[in-house]
Amino acid sequence: MTMYPPAPEAPKKSVLPKLAVACFVIGAIVVGFFVWRIVVTAPRTPQPIEDGVVHLTKEGLTIYASVPVLTPPCEVQDANGNDVPIKPPSGSETITINGESWYVVARSTQTVPAGDYSISCTDDETSATYAAGPRSSVVAFVLSILGTVFSFLIFIGLGITLLTVGAVKAARRKRPANTFPGQPGAPGNYYPPMPPPQQHTFPPPPPYHPGPNPDRPQDRPDDRPQDR
């Protein structure tokens, strides 16, 4: 009966490449979302309100001034003549478009729909020029940019790290166990099993018969005369 060595086990496939691809896909989706947010929240040149009527194509209302103003002296009404509540921003916000800076002085307290709005600003203290545009936030624009950058770095970096770790593990699995030829156990070297040590049987020693010893009294010669 011929005995064959067992077939080597197939190497297990690593899941790290799949996880890396998943990171790339999720990263692309998240980055795409933040890019869309950048486009939506990007500041646009506001419309001057010298004519008193501003047409908004998007929801919300933001009033700008060419110089900082502590209290916005403006009133807003919708197309039906209803007052639209506005309030100053919680902090200082400035946008610069085409080299011209605009300061946010007020926003609608609620998300008003797109349409025509009558805006009147009476300012006898400053020489500010007022304009209006859709509701926007500089903070949201900056956060969208940061979200794009960090999402790209996190997911792309994680995917590259997983691919690197997977490649290192695959290289270690393919590396032979012993790369020194001629050494026992090296691939390609066959050594037959050693025979068991032989046991030698020696004959028992012959019996010991000591000769006469003059030092022992019983072995000394008898010098006494013998009776004749």
Side-chain angles (χ1 to χ4, degrees), residues 13-49 53-72 74 76 78-79 84-117 119 121 128-170:
K13 294 184 179 180
S14 175
V15 298
L16 296 180
K18 295 182 180 180
L19 293 178
V21 173
C23 289
F24 292 145
V25 174
I26 296 175
I29 295 175
V30 176
V31 170
F33 168 77
F34 282 111
V35 170
W36 172 77
R37 288 293 301 168
I38 291 175
V39 175
V40 173
T41 59
R44 294 173 175 80
T45 303
Q47 304 177 35
I49 59 176
V53 178
V54 175
H55 178 74
L56 301 179
T57 58
K58 294 182 179 181
E59 295 180 347
L61 173 66
T62 302
I63 300 176
Y64 303 88
S66 58
V67 296
V69 177
L70 297 178
T71 303
C74 301
V76 182
D78 59 15
V84 177
I86 58 176
K87 66 177 181 179
S90 57
S92 177
E93 297 183 21
T94 307
I95 62 173
T96 301
I97 302 175
N98 298 328
E100 187 176 6
S101 297
W102 292 94
Y103 301 87
V104 178
V105 295
R107 284 193 177 93
S108 57
T109 58
Q110 299 178 356
T111 305
V112 296
D116 296 330
Y117 293 89
I119 304 175
C121 297
T129 301
Y130 293 90
R135 184 182 181 89
S136 61
S137 174
V138 178
V139 176
F141 177 69
V142 174
L143 290 179
S144 299
I145 295 177
L146 295 178
T148 302
V149 175
F150 284 107
S151 298
F152 178 82
L153 294 177
I154 291 174
F155 286 99
I156 299 301
L158 182 59
I160 293 176
T161 301
L162 292 175
L163 285 180
T164 304
V165 174
V168 172
K169 289 186 176 181

*Please test Val53 against Tyr117 for side-chain contact (heavy atoms from CB on, under 4.5 Å), starting from the C-alpha separation and ending with a verdict.*
CA-CA 6 Å; Val53 178; Tyr117 293 89; over 6 Å; no
To the nearest 0.5 Å, how far apart are [atom1] in [X] and [atom2] in [Y]?
X: Ile86; Y: Ile119; atom1: CD1; atom2: CD1; answer: 8.0 Å
X: Gln47; Y: Tyr64; atom1: CD; atom2: OH; answer: 11.0 Å
X: Tyr103; Y: Ser66; atom1: OH; atom2: OG; answer: 8.5 Å
X: Ile63; Y: Tyr130; atom1: CD1; atom2: OH; answer: 9.5 Å

*Closest contact, heavy atoms only, Pro46 versus Gly133*: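 Scanning both residues completely, I find the closest heavy atoms to be CB-N, 4.4 Å.
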Do [X] and [Y] have side chains that approach each other closer than 4.5 Å (heavy atoms only, starting at C-beta)?
X: Gln110; Y: Pro85; answer: no
X: Val112; Y: Asp78; answer: no
X: Leu61; Y: Val54; answer: no

*What residue among Ile49, Thr129, Val105, Val69 forms side-chain contact (heavy atoms from CB on, under 4.5 Å) with Cys121?*
Ile49
Just distance, no hydrogens or angles: give the donor-acceptor pairs under 3.5 Å from side chains in residues 139-168, sequence neighbours left out.
residue : atom : partner : partner atom : Å
Ser144  : OG   : Ala140  : O            : 2.8
Thr148  : OG1  : Ser144  : O            : 2.9
Ser151  : OG   : Gly147  : O            : 2.6
Thr161  : OG1  : Gly157  : O            : 2.8
Thr164  : OG1  : Ile160  : O            : 2.9

Could you pull out every donor-acceptor pair under 3.5 Å between side chains of residues 16-30 and any protein atom, sequence neighbours left out?
none

